[in-house]
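Below is one structure, written out as structure tokens, with a few remarks after it.
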Amino acid sequence: MPIILRKCGKEVFKMSFFEQHAHYNDEKFDEDREDVINKVYNSGVTKIVNAGYSVESSMQAIDLAEKYSFIYATCGVSPNDIPENKEEIDLQLKEVTKLAKSSKKVVAIGEIGLDYYWNKENKELQKYAFVEQIKIANEMNLPIVIHTREAVDDTLNILRNVIKTVKPGVFHCCPLNRELVKQALELGFYISLAGPVTFKNSKNANEIIEMIPNDRILIETDSPYLSPEPNRGKRNDSRNLVYIAEKIANVKNISVEEVQKTTFQNAKKLYNID
Ligand code: NI
């Protein structure tokens, strides 16, 4: 395990971050995937959950997890990747189930959920795929990784009134919405913060960070998307986790090392990783 002494302001500490959500299966890493993953690991990011979002990307997530001991995978079909009818969805979810059962490195079903920002026309199909995938997670006793965008009410309604999860899951790249965070915490979910909390125009980031108890907070980059300040706009990778940790440390008035340790422990607990 690499031991990196990292200087954050006045702090010097051994870096060992847990990246709770990234997509090294994305085509943006096709040119230099191995190189980036090695750089990320050698920088002190020693655990990574690589998220699937379609059948194909779930397969690639498992391939990476089988190749690298420190990478884990999630399998699922995201609301932005679901097919056009129920029959096709059912077929794909059969594949997802097979994949999820094919490797011990699969630690969650995801990312799944609702996205009415990118897709307004197929809300019923999105809900169907979301509920069906929660059933798969429940059957396998796995947590879920939720993607939700402009769909707060329907997402919470499903979790509260339609189907309960057997395990607490995580709201990945959680929208900075007070009501969502409040109710997600009530439901026992973890809240994962990504690059947007560092953006200068993100008005309620501080308030949201303060709302999340230390034992329920996680950090992620969602690479290759959503680079935090000061690298906003560039391709993201997990070396940028430290900026999200710094932001949380500043708002909670704790050390970056403490953020690193708590988020590491929380992620291990969520995904049941030793
Ligand atoms: Ni993602």
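Both ligands and their constituent atoms are indexed starting at 1 by order of listing. Residue numbers run from 1 in the order of the sequence given.
Two residues are said to be in side-chain contact when any heavy atoms from C-beta on lie closer than 4.5 Å; H147 and N80 meet this criterion. Here the side chains of I136 and E139 are not in contact, with every heavy-atom distance at 4.5 Å or above.
For the residue pair Y24 and S238, a side-chain donor N or O sits within less than 3.5 Å of a side-chain acceptor on the partner.
Under the 30°/60° scheme for interplanar angles, the aromatic rings of H172 and H21 are found to lie parallel.
A centroid separation of 6.0 Å or more is found between the aromatic rings of F17 and F264.
Shown here are the protein N/O/S atoms lying under 2.8 Å from the Ni ion (ligand 1), water excluded: H21 NE2, H23 NE2, E111 OE2, D222 OD1.
The pair E34-K39 does not count as a salt bridge, with every side-chain nitrogen at least 4.0 angstrom from each carboxylate oxygen.
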